[in-house]
Amino acid sequence: MRVNRISRAHGRTAVGLSVAALAVGATMTAGPAVAQPTAAPKAAPAAAADCSAAYKIEQKLDTGTTWTMCWHYESEAGLVLENVSYQPKGEDRPIRVLTSAKLAQIHVPYDDGSVEYDDLTGAGFGQGLMNMAPGECPGGTIKTVKVPDSWDPEHPNVKGLCTTTRSRGHAYRMQGDSPSKVWQQQGKDLLVYTVNQVGWYEYITEWRFQDDGTVNMNVGATGSLSPGDYDAGDGHGWPIGKGARSYATSHSHNVFWRLNFGLDGSSKNKVEQYDSVVSPPAAGGEAPRNKTTRKSITKELAGNAKNMRWWRVVSTVGKNKDEHARSYEIVPGASSKYPGRSYTKHDIYFTQYKKCEQFASNNLRNCGTGVGKSVDKWVNGQALTHPVAWVNVGFHHIARDEDQQPMPVHWQGFSIAPRDVTAMNPLTPPALADQNGQAQGGS
(Lines give C-alpha, C1' and ligand atoms only; values in the text may rest on other atoms or scores of the structure.)
Protein backbone atom coordinates (compact mmCIF):
# COMPACT_ATOMS: atom_id res chain seq x y z
CA MET A 1 0.00 0.00 0.00
CA ARG A 2 1.63 3.22 -1.15
CA VAL A 3 -0.90 5.99 -0.38
CA ASN A 4 0.17 8.05 2.63
CA ARG A 5 -1.77 10.08 5.13
CA ILE A 6 -1.53 13.37 3.19
CA SER A 7 -2.61 11.73 -0.07
CA ARG A 8 0.42 13.08 -1.88
CA ALA A 9 -0.04 10.45 -4.58
CA HIS A 10 -3.78 11.27 -4.89
CA GLY A 11 -4.40 7.53 -4.84
CA ARG A 12 -2.91 4.71 -6.89
CA THR A 13 -5.39 5.26 -9.72
CA ALA A 14 -4.27 8.84 -10.28
CA VAL A 15 -0.63 7.76 -10.39
CA GLY A 16 -1.41 5.03 -12.90
CA LEU A 17 -3.17 7.48 -15.19
CA SER A 18 -0.29 9.91 -14.98
CA VAL A 19 2.28 7.27 -15.89
CA ALA A 20 0.14 5.94 -18.71
CA ALA A 21 0.02 9.43 -20.19
CA LEU A 22 3.76 9.81 -19.89
CA ALA A 23 4.39 6.49 -21.60
CA VAL A 24 2.86 7.83 -24.80
CA GLY A 25 5.68 10.30 -25.35
CA ALA A 26 9.24 10.94 -24.32
CA THR A 27 10.29 11.73 -20.79
CA MET A 28 9.65 15.40 -20.09
CA THR A 29 12.28 17.68 -18.64
CA ALA A 30 11.92 21.00 -16.91
CA GLY A 31 11.57 23.61 -19.64
CA PRO A 32 11.82 27.38 -19.77
CA ALA A 33 9.75 29.17 -17.19
CA VAL A 34 7.02 31.53 -18.36
CA ALA A 35 7.32 34.99 -16.83
CA GLN A 36 4.67 35.65 -14.22
CA PRO A 37 3.50 38.98 -12.88
CA THR A 38 3.71 37.70 -9.30
CA ALA A 39 6.73 37.67 -7.02
CA ALA A 40 6.75 33.85 -6.83
CA PRO A 41 10.15 32.22 -7.56
CA LYS A 42 10.66 31.21 -11.17
CA ALA A 43 12.29 28.01 -12.39
CA ALA A 44 15.05 28.58 -14.94
CA PRO A 45 15.10 26.93 -18.37
CA ALA A 46 16.32 23.36 -18.73
CA ALA A 47 20.05 22.79 -18.80
CA ALA A 48 21.74 22.35 -22.15
CA ALA A 49 25.31 21.14 -22.66
CA ASP A 50 26.46 24.61 -21.63
CA CYS A 51 23.88 25.50 -19.04
CA SER A 52 22.72 28.84 -17.79
CA ALA A 53 23.78 30.11 -14.38
CA ALA A 54 20.53 28.97 -12.79
CA TYR A 55 21.22 25.38 -13.84
CA LYS A 56 24.93 25.37 -13.10
CA ILE A 57 26.53 24.09 -9.91
CA GLU A 58 30.10 25.21 -9.32
CA GLN A 59 31.85 24.84 -5.98
CA LYS A 60 35.46 25.42 -5.04
CA LEU A 61 36.15 23.54 -1.82
CA ASP A 62 38.44 24.81 0.93
CA THR A 63 41.13 22.33 -0.11
CA GLY A 64 41.40 23.83 -3.61
CA THR A 65 39.30 21.36 -5.61
CA THR A 66 36.52 22.67 -7.87
CA TRP A 67 33.52 20.62 -9.00
CA THR A 68 31.35 21.90 -11.86
CA MET A 69 28.18 20.42 -13.35
CA CYS A 70 24.80 21.19 -14.89
CA TRP A 71 21.46 19.88 -13.67
CA HIS A 72 17.91 19.46 -14.84
CA TYR A 73 14.83 17.70 -13.53
CA GLU A 74 12.87 14.94 -15.28
CA SER A 75 9.32 13.80 -14.62
CA GLU A 76 10.31 10.20 -13.78
CA ALA A 77 14.01 10.14 -12.84
CA GLY A 78 13.94 13.38 -10.87
CA LEU A 79 17.33 15.08 -10.60
CA VAL A 80 19.77 14.54 -13.49
CA LEU A 81 23.37 15.76 -13.36
CA GLU A 82 25.25 16.49 -16.58
CA ASN A 83 28.75 17.44 -17.71
CA VAL A 84 30.30 16.69 -14.32
CA SER A 85 33.89 17.96 -14.16
CA TYR A 86 36.59 17.89 -11.50
CA GLN A 87 39.54 20.27 -11.21
CA PRO A 88 41.95 19.73 -8.33
CA LYS A 89 44.68 22.21 -7.61
CA GLY A 90 47.62 21.78 -9.92
CA GLU A 91 45.51 20.90 -12.95
CA ASP A 92 45.30 23.55 -15.68
CA ARG A 93 41.68 22.84 -16.63
CA PRO A 94 38.67 20.82 -15.51
CA ILE A 95 38.70 17.06 -16.11
CA ARG A 96 35.39 15.73 -17.42
CA VAL A 97 34.15 12.67 -15.50
CA LEU A 98 30.49 12.05 -16.39
CA THR A 99 28.31 13.11 -19.29
CA SER A 100 25.19 12.35 -17.26
CA ALA A 101 24.21 10.62 -14.02
CA LYS A 102 20.80 9.82 -12.54
CA LEU A 103 18.68 7.26 -10.78
CA ALA A 104 17.47 4.57 -13.16
CA GLN A 105 14.89 2.80 -10.96
CA ILE A 106 13.80 2.02 -7.42
CA HIS A 107 12.20 -1.42 -7.65
CA VAL A 108 10.23 -2.43 -4.53
CA PRO A 109 8.89 -6.02 -4.35
CA TYR A 110 7.07 -7.19 -1.20
CA ASP A 111 8.13 -10.45 0.43
CA ASP A 112 4.64 -11.93 0.43
CA GLY A 113 4.38 -11.56 -3.36
CA SER A 114 1.33 -9.32 -3.08
CA VAL A 115 2.73 -6.29 -4.93
CA GLU A 116 5.85 -4.76 -6.42
CA TYR A 117 6.48 -1.22 -7.57
CA ASP A 118 8.75 0.62 -9.98
CA ASP A 119 8.85 3.84 -8.01
CA LEU A 120 10.40 5.97 -10.77
CA THR A 121 8.29 4.92 -13.75
CA GLY A 122 5.21 3.61 -11.97
CA ALA A 123 4.62 5.47 -8.71
CA GLY A 124 5.24 9.17 -9.32
CA PHE A 125 8.74 9.58 -7.87
CA GLY A 126 9.46 12.73 -9.90
CA GLN A 127 6.17 14.39 -8.99
CA GLY A 128 6.86 13.73 -5.31
CA LEU A 129 9.66 16.30 -5.00
CA MET A 130 9.42 17.87 -1.54
CA ASN A 131 10.02 21.42 -0.39
CA MET A 132 12.99 21.65 1.96
CA ALA A 133 13.31 24.01 4.90
CA PRO A 134 16.61 25.91 5.35
CA GLY A 135 17.56 23.64 8.25
CA GLU A 136 17.62 20.67 5.85
CA CYS A 137 20.37 22.32 3.80
CA PRO A 138 22.75 23.63 6.49
CA GLY A 139 25.15 26.24 5.17
CA GLY A 140 23.94 25.74 1.61
CA THR A 141 21.49 26.96 -1.01
CA ILE A 142 18.07 25.53 -1.86
CA LYS A 143 17.31 25.90 -5.55
CA THR A 144 13.80 26.13 -6.99
CA VAL A 145 12.83 23.30 -9.33
CA LYS A 146 9.99 23.37 -11.83
CA VAL A 147 8.46 19.88 -11.62
CA PRO A 148 7.27 18.59 -15.03
CA ASP A 149 3.73 17.19 -15.05
CA SER A 150 3.26 18.41 -11.50
CA TRP A 151 0.32 16.96 -9.55
CA ASP A 152 -0.45 20.55 -8.65
CA PRO A 153 -0.18 22.44 -11.98
CA GLU A 154 -0.93 25.72 -10.21
CA HIS A 155 2.21 25.31 -8.06
CA PRO A 156 4.86 23.43 -10.08
CA ASN A 157 7.82 25.22 -8.49
CA VAL A 158 9.34 23.42 -5.53
CA LYS A 159 12.22 24.53 -3.32
CA GLY A 160 13.67 21.09 -3.61
CA LEU A 161 17.37 21.00 -4.56
CA CYS A 162 20.05 21.51 -1.91
CA THR A 163 23.70 22.24 -2.67
CA THR A 164 26.01 22.55 0.30
CA THR A 165 29.44 21.56 1.61
CA ARG A 166 30.32 19.30 4.50
CA SER A 167 33.48 18.14 6.28
CA ARG A 168 34.14 14.38 6.19
CA GLY A 169 37.10 14.05 8.57
CA HIS A 170 40.63 13.03 7.69
CA ALA A 171 41.54 13.05 4.02
CA TYR A 172 44.98 11.76 5.03
CA ARG A 173 47.43 11.66 7.92
CA MET A 174 51.15 10.85 7.86
CA GLN A 175 53.81 11.36 10.50
CA GLY A 176 56.96 12.97 9.17
CA ASP A 177 60.58 12.50 10.19
CA SER A 178 59.83 13.44 13.78
CA PRO A 179 56.78 13.00 16.07
CA SER A 180 56.32 16.73 16.09
CA LYS A 181 55.77 16.83 12.33
CA VAL A 182 52.43 15.43 11.15
CA TRP A 183 51.01 15.88 7.68
CA GLN A 184 47.21 15.86 7.85
CA GLN A 185 44.29 17.28 5.92
CA GLN A 186 40.59 17.43 6.77
CA GLY A 187 38.53 16.54 3.70
CA LYS A 188 35.65 18.59 2.31
CA ASP A 189 32.73 17.46 0.14
CA LEU A 190 30.15 19.09 -2.10
CA LEU A 191 26.68 17.62 -1.50
CA VAL A 192 23.81 17.81 -3.98
CA TYR A 193 20.51 16.23 -2.94
CA THR A 194 16.72 16.12 -3.24
CA VAL A 195 13.90 14.53 -1.22
CA ASN A 196 11.14 12.71 -3.11
CA GLN A 197 8.04 11.23 -1.52
CA VAL A 198 6.51 8.01 -2.83
CA GLY A 199 3.59 6.81 -0.74
CA TRP A 200 4.73 6.52 2.87
CA TYR A 201 8.43 6.61 1.95
CA GLU A 202 10.65 9.62 1.44
CA TYR A 203 13.81 9.07 -0.57
CA ILE A 204 16.88 11.29 -0.09
CA THR A 205 18.88 11.12 -3.33
CA GLU A 206 22.38 12.29 -2.44
CA TRP A 207 25.38 12.93 -4.68
CA ARG A 208 28.57 13.58 -2.72
CA PHE A 209 31.60 14.98 -4.55
CA GLN A 210 34.83 14.71 -2.55
CA ASP A 211 37.83 16.99 -2.90
CA ASP A 212 40.00 13.97 -3.79
CA GLY A 213 37.89 13.23 -6.89
CA THR A 214 35.71 10.46 -5.45
CA VAL A 215 31.97 10.57 -6.16
CA ASN A 216 29.51 8.86 -3.80
CA MET A 217 25.97 8.03 -4.94
CA ASN A 218 23.52 7.22 -2.15
CA VAL A 219 19.79 6.85 -1.64
CA GLY A 220 18.41 7.06 1.87
CA ALA A 221 14.91 5.81 2.64
CA THR A 222 13.02 7.40 5.50
CA GLY A 223 9.46 8.58 6.25
CA SER A 224 7.01 6.03 7.67
CA LEU A 225 6.17 2.35 7.60
CA SER A 226 2.87 1.87 5.79
CA PRO A 227 0.13 1.07 8.34
CA GLY A 228 -1.77 -0.66 5.55
CA ASP A 229 0.91 -3.34 5.41
CA TYR A 230 0.69 -4.59 9.02
CA ASP A 231 -0.91 -7.83 7.85
CA ALA A 232 2.06 -10.10 7.21
CA GLY A 233 2.92 -13.25 9.13
CA ASP A 234 6.10 -14.98 10.26
CA GLY A 235 8.54 -15.31 7.41
CA HIS A 236 7.11 -12.38 5.48
CA GLY A 237 7.07 -9.70 8.18
CA TRP A 238 8.15 -8.53 11.62
CA PRO A 239 5.97 -7.62 14.61
CA ILE A 240 5.76 -3.87 15.21
CA GLY A 241 4.16 -2.41 18.34
CA LYS A 242 2.86 -4.31 21.36
CA GLY A 243 2.69 -8.06 21.17
CA ALA A 244 2.48 -9.84 17.86
CA ARG A 245 -0.59 -8.30 16.27
CA SER A 246 0.89 -5.96 13.65
CA TYR A 247 3.43 -7.57 11.32
CA ALA A 248 5.01 -5.02 8.96
CA THR A 249 5.50 -6.66 5.57
CA SER A 250 9.16 -7.09 4.63
CA HIS A 251 10.23 -5.82 1.21
CA SER A 252 13.26 -4.92 -0.90
CA HIS A 253 14.55 -1.64 -2.29
CA ASN A 254 16.51 -2.39 -5.45
CA VAL A 255 18.06 0.92 -6.49
CA PHE A 256 19.62 1.36 -9.93
CA TRP A 257 21.84 4.23 -11.09
CA ARG A 258 22.67 5.05 -14.71
CA LEU A 259 26.11 6.56 -15.36
CA ASN A 260 27.03 7.78 -18.83
CA PHE A 261 30.78 8.27 -18.56
CA GLY A 262 32.59 10.87 -20.64
CA LEU A 263 36.16 10.85 -19.37
CA ASP A 264 38.20 13.75 -20.70
CA GLY A 265 35.16 14.82 -22.73
CA SER A 266 34.99 11.70 -24.91
CA SER A 267 32.29 9.01 -24.95
CA LYS A 268 34.75 6.47 -26.36
CA ASN A 269 35.77 4.95 -23.03
CA LYS A 270 37.02 1.43 -22.33
CA VAL A 271 35.87 -0.96 -19.60
CA GLU A 272 38.22 -3.31 -17.77
CA GLN A 273 37.57 -6.03 -15.20
CA TYR A 274 40.18 -7.06 -12.63
CA ASP A 275 40.24 -10.32 -10.67
CA SER A 276 42.76 -11.47 -8.06
CA VAL A 277 43.47 -15.10 -7.14
CA VAL A 278 45.34 -16.19 -4.02
CA SER A 279 47.58 -19.28 -4.37
CA PRO A 280 49.61 -21.25 -1.80
CA PRO A 281 53.18 -20.11 -1.12
CA ALA A 282 55.73 -21.04 -3.74
CA ALA A 283 58.51 -23.40 -2.79
CA GLY A 284 60.62 -21.57 -0.25
CA GLY A 285 58.14 -18.70 -0.08
CA GLU A 286 56.95 -17.21 3.18
CA ALA A 287 53.40 -16.27 2.25
CA PRO A 288 50.59 -17.05 -0.22
CA ARG A 289 50.78 -15.28 -3.56
CA ASN A 290 48.10 -13.03 -5.01
CA LYS A 291 48.01 -12.50 -8.77
CA THR A 292 45.77 -9.87 -10.37
CA THR A 293 44.67 -10.21 -13.99
CA ARG A 294 43.02 -7.70 -16.31
CA LYS A 295 40.25 -8.50 -18.76
CA SER A 296 39.14 -6.01 -21.40
CA ILE A 297 35.35 -5.86 -21.61
CA THR A 298 34.77 -5.32 -25.31
CA LYS A 299 31.12 -6.40 -25.43
CA GLU A 300 28.09 -5.62 -23.28
CA LEU A 301 28.25 -7.27 -19.87
CA ALA A 302 25.93 -8.35 -17.05
CA GLY A 303 28.44 -8.57 -14.20
CA ASN A 304 28.42 -9.86 -10.64
CA ALA A 305 30.46 -8.62 -7.71
CA LYS A 306 32.96 -11.13 -6.39
CA ASN A 307 35.69 -11.15 -3.79
CA MET A 308 38.71 -9.28 -5.21
CA ARG A 309 36.86 -8.30 -8.40
CA TRP A 310 36.44 -4.74 -9.61
CA TRP A 311 35.84 -2.71 -12.75
CA ARG A 312 37.15 0.55 -14.09
CA VAL A 313 36.15 2.84 -16.96
CA VAL A 314 39.22 4.13 -18.82
CA SER A 315 39.76 7.25 -20.90
CA THR A 316 41.01 6.69 -24.44
CA VAL A 317 42.05 10.31 -24.98
CA GLY A 318 43.50 11.60 -21.71
CA LYS A 319 46.49 10.79 -19.50
CA ASN A 320 47.76 12.21 -16.24
CA LYS A 321 51.18 13.85 -15.86
CA ASP A 322 52.75 10.43 -15.27
CA GLU A 323 51.52 9.36 -18.73
CA HIS A 324 48.99 6.90 -17.28
CA ALA A 325 45.50 6.66 -18.77
CA ARG A 326 42.90 8.34 -16.59
CA SER A 327 40.16 6.10 -15.25
CA TYR A 328 37.46 5.76 -12.61
CA GLU A 329 37.04 2.61 -10.53
CA ILE A 330 33.55 1.48 -9.56
CA VAL A 331 33.47 0.71 -5.83
CA PRO A 332 30.36 -1.30 -4.86
CA GLY A 333 28.57 -0.68 -1.59
CA ALA A 334 26.93 -3.22 0.68
CA SER A 335 24.11 -4.96 -1.17
CA SER A 336 21.44 -7.62 -0.66
CA LYS A 337 20.89 -8.82 -4.19
CA TYR A 338 17.26 -9.68 -4.94
CA PRO A 339 16.99 -12.79 -7.18
CA GLY A 340 13.29 -12.52 -7.97
CA ARG A 341 13.55 -10.67 -11.29
CA SER A 342 15.93 -11.13 -14.19
CA TYR A 343 17.13 -7.52 -14.08
CA THR A 344 17.97 -7.63 -10.34
CA LYS A 345 20.12 -10.78 -10.56
CA HIS A 346 23.28 -8.86 -11.50
CA ASP A 347 25.21 -6.15 -9.66
CA ILE A 348 26.33 -4.15 -12.69
CA TYR A 349 25.58 -3.86 -16.37
CA PHE A 350 27.64 -2.23 -19.09
CA THR A 351 25.60 -1.49 -22.20
CA GLN A 352 26.31 0.32 -25.42
CA TYR A 353 24.70 3.78 -25.29
CA LYS A 354 21.21 4.06 -26.73
CA LYS A 355 19.14 7.15 -26.07
CA CYS A 356 15.94 5.15 -25.52
CA GLU A 357 17.46 3.03 -22.72
CA GLN A 358 16.77 5.17 -19.66
CA PHE A 359 15.33 2.96 -16.90
CA ALA A 360 16.53 -0.40 -15.59
CA SER A 361 13.00 -1.80 -15.42
CA ASN A 362 9.64 -0.70 -16.78
CA ASN A 363 11.49 1.47 -19.29
CA LEU A 364 8.96 3.93 -20.71
CA ARG A 365 10.88 4.79 -23.86
CA ASN A 366 10.15 2.89 -27.08
CA CYS A 367 13.31 1.02 -28.07
CA GLY A 368 11.65 -1.01 -30.82
CA THR A 369 9.74 -4.25 -31.18
CA GLY A 370 11.06 -7.14 -29.12
CA VAL A 371 13.85 -5.14 -27.49
CA GLY A 372 12.54 -5.48 -23.95
CA LYS A 373 11.77 -3.06 -21.14
CA SER A 374 14.62 -3.86 -18.72
CA VAL A 375 18.39 -3.55 -18.69
CA ASP A 376 19.09 -7.29 -18.74
CA LYS A 377 17.39 -7.53 -22.14
CA TRP A 378 19.77 -4.94 -23.60
CA VAL A 379 22.91 -7.00 -22.98
CA ASN A 380 23.07 -8.88 -26.27
CA GLY A 381 26.71 -9.00 -27.32
CA GLN A 382 26.98 -5.57 -28.93
CA ALA A 383 30.46 -4.04 -29.10
CA LEU A 384 31.12 -1.65 -26.21
CA THR A 385 32.51 1.61 -27.58
CA HIS A 386 30.33 4.09 -25.66
CA PRO A 387 29.70 2.34 -22.34
CA VAL A 388 26.86 3.17 -19.97
CA ALA A 389 27.12 1.68 -16.47
CA TRP A 390 24.02 0.51 -14.60
CA VAL A 391 24.72 -0.20 -10.92
CA ASN A 392 22.25 -2.21 -8.83
CA VAL A 393 22.38 -2.00 -5.02
CA GLY A 394 19.76 -3.88 -3.02
CA PHE A 395 18.48 -3.49 0.54
CA HIS A 396 16.18 -6.03 2.18
CA HIS A 397 14.05 -4.12 4.65
CA ILE A 398 12.84 -6.23 7.55
CA ALA A 399 11.20 -3.64 9.79
CA ARG A 400 12.01 -3.21 13.49
CA ASP A 401 10.45 -1.37 16.41
CA GLU A 402 12.97 1.46 15.95
CA ASP A 403 11.55 2.15 12.49
CA GLN A 404 8.73 4.20 14.01
CA GLN A 405 8.10 7.06 14.22
CA PRO A 406 9.56 8.56 11.99
CA MET A 407 11.70 5.90 10.35
CA PRO A 408 15.48 6.45 10.60
CA VAL A 409 17.24 6.83 7.24
CA HIS A 410 18.66 3.60 5.83
CA TRP A 411 21.24 4.20 3.13
CA GLN A 412 22.37 2.21 0.11
CA GLY A 413 24.80 3.21 -2.61
CA PHE A 414 28.26 2.98 -4.16
CA SER A 415 31.20 5.14 -5.25
CA ILE A 416 33.41 5.84 -8.22
CA ALA A 417 37.01 6.55 -7.26
CA PRO A 418 39.69 8.21 -9.41
CA ARG A 419 42.44 5.84 -10.53
CA ASP A 420 45.36 7.66 -12.16
CA VAL A 421 43.25 10.75 -12.84
CA THR A 422 46.05 12.83 -11.31
CA ALA A 423 49.73 11.94 -11.00
CA MET A 424 49.67 12.23 -7.21
CA ASN A 425 47.18 12.65 -4.40
CA PRO A 426 45.34 15.82 -5.48
CA LEU A 427 45.57 17.08 -1.89
CA THR A 428 49.35 16.57 -1.58
CA PRO A 429 50.96 19.46 0.34
CA PRO A 430 53.58 21.43 -1.66
CA ALA A 431 56.44 20.23 0.58
CA LEU A 432 55.81 16.63 -0.53
CA ALA A 433 55.18 17.32 -4.22
CA ASP A 434 58.54 15.86 -5.26
CA GLN A 435 57.84 12.45 -3.72
CA ASN A 436 56.34 10.80 -6.80
CA GLY A 437 57.46 7.25 -7.50
CA GLN A 438 60.92 5.87 -6.94
CA ALA A 439 63.52 8.45 -6.04
CA GLN A 440 65.88 9.11 -8.95
CA GLY A 441 69.56 8.96 -8.08
CA GLY A 442 71.82 11.85 -9.02
CA SER A 443 75.06 11.63 -11.00
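When reading the values below, keep in mind they use all heavy atoms of this one structure, side chains included, and skip hydrogens, waters and symmetry mates.
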Looking at K56, I want to see if its NZ is surrounded by more than 12 non-hydrogen atoms of other residues, nucleotides or ligands under 6.0 Å.
no
Between T222 and M407 (side chain of the first, backbone of the second, donor and acceptor by atom type, cut-off under 3.5 Å), is there such a pair?
yes
Find out whether L79 and L161 are in side-chain contact, i.e. whether some heavy atom of one side chain is under 4.5 Å from a heavy atom of the other.
yes
Minimal heavy-atom distance between F125 and A77, with the atoms involved, is CE2-O, 3.6 Å
Distance check, rounded to the nearest 0.5 Å: D111 atom CG versus T249 atom OG1?
8.0 Å
Under 3.5 Å, is there a donor-acceptor pair between the side chain of Q105 and the main chain of S361?
yes
Polar side chain donor-acceptor pair, H324 to D420, under 3.5 angstrom:
no
Quick check: are there more than 12 heavy atoms from other residues, nucleotides or ligands sitting under 6.0 Å from NZ of K337?
yes
Does the side chain of D212 pick up a donor-acceptor pair with the side chain of T214 at under 3.5 Å?
yes
Quick one: does N304's side chain get under 4.5 Å of K345's, heavy atoms only?
no
Thinking salt bridges, do E329 and R312 make one under a 4.0 Å N-O criterion?
no
Hey, does V219 have a side-chain heavy atom less than 4.5 Å from the side chain of E206?
no
Working note: T385 + Q352, criterion side-chain hydrogen bond (donor to acceptor under 3.5 Å, both in side chains); need CA distance, chi angles, decisive distance, verdict.
CA-CA 7 Å; T385 58; Q352 178 68 3; 2.9 Å; yes
Strictly below 4.0 Å, N to O, side chains only: are D211 and K188 in salt-bridge contact?
no
Validation row: V97, I416 side chains within 4.5 angstrom (heavy atoms):
yes
With H251 as reference, evaluate Y201, Y117, W200 under the ring pair (Phe, Tyr, Trp, His ring centres under 6.0 Å) test and give the passing residue.
Y201
Look only at the side chain of N363 and the backbone of Q358, and say whether a donor-acceptor pair between them is shorter than 3.5 Å.
yes
K270 atom NZ, over 12 foreign heavy atoms within 6.0 Å:
no
Looking at side-chain heavy atoms only, is the closest gap between R341 and H107 below 4.5 Å?
yes
Keeping the roles fixed (side chain from N254, backbone from T344), state whether a donor-acceptor pair exists under 3.5 Å.
no
May I ask you to establish whether K102 and F359 are in a cation-pi arrangement, using a distance under 6.0 Å from NZ or CZ to the six-membered ring centre and at most 45° from the ring axis?
yes
With sequence neighbours excluded, residues passing side-chain hydrogen bond (donor to acceptor under 3.5 Å, both in side chains) with N260
H386
Hey, can you pull the donor-acceptor pairs under 3.5 Å for the side chains in residues 367-381, sequence neighbours left out?
unit_1	atom_1	unit_2	atom_2	d
K373	NZ	R365	O	3.4
S374	OG	D376	OD1	2.6
D376	OD2	S342	OG	2.7
W378	NE1	G372	O	3.3

Considering only heavy atoms from C-beta outward, does the side chain of E74 approach that of V80 to under 4.5 Å?
yes
Y110 and H236: CA distance, side-chain angles, deciding distance, ring pair (Phe, Tyr, Trp, His ring centres under 6.0 Å) verdict:
CA-CA 8 Å; Y110 278 50; H236 297 302; over 10 Å; no
4.5 Å side-chain heavy-atom contact, W67 and L61:
yes
Backbone of A133 reached by a side-chain donor or acceptor of E136 within 3.5 Å:
yes
Side chains of M69 and E82: does their closest heavy-atom pair fall under 4.5 Å?
no
Shortest non-hydrogen contact between D264 and S315, atoms and distance:
OD2-OG, 2.7 Å
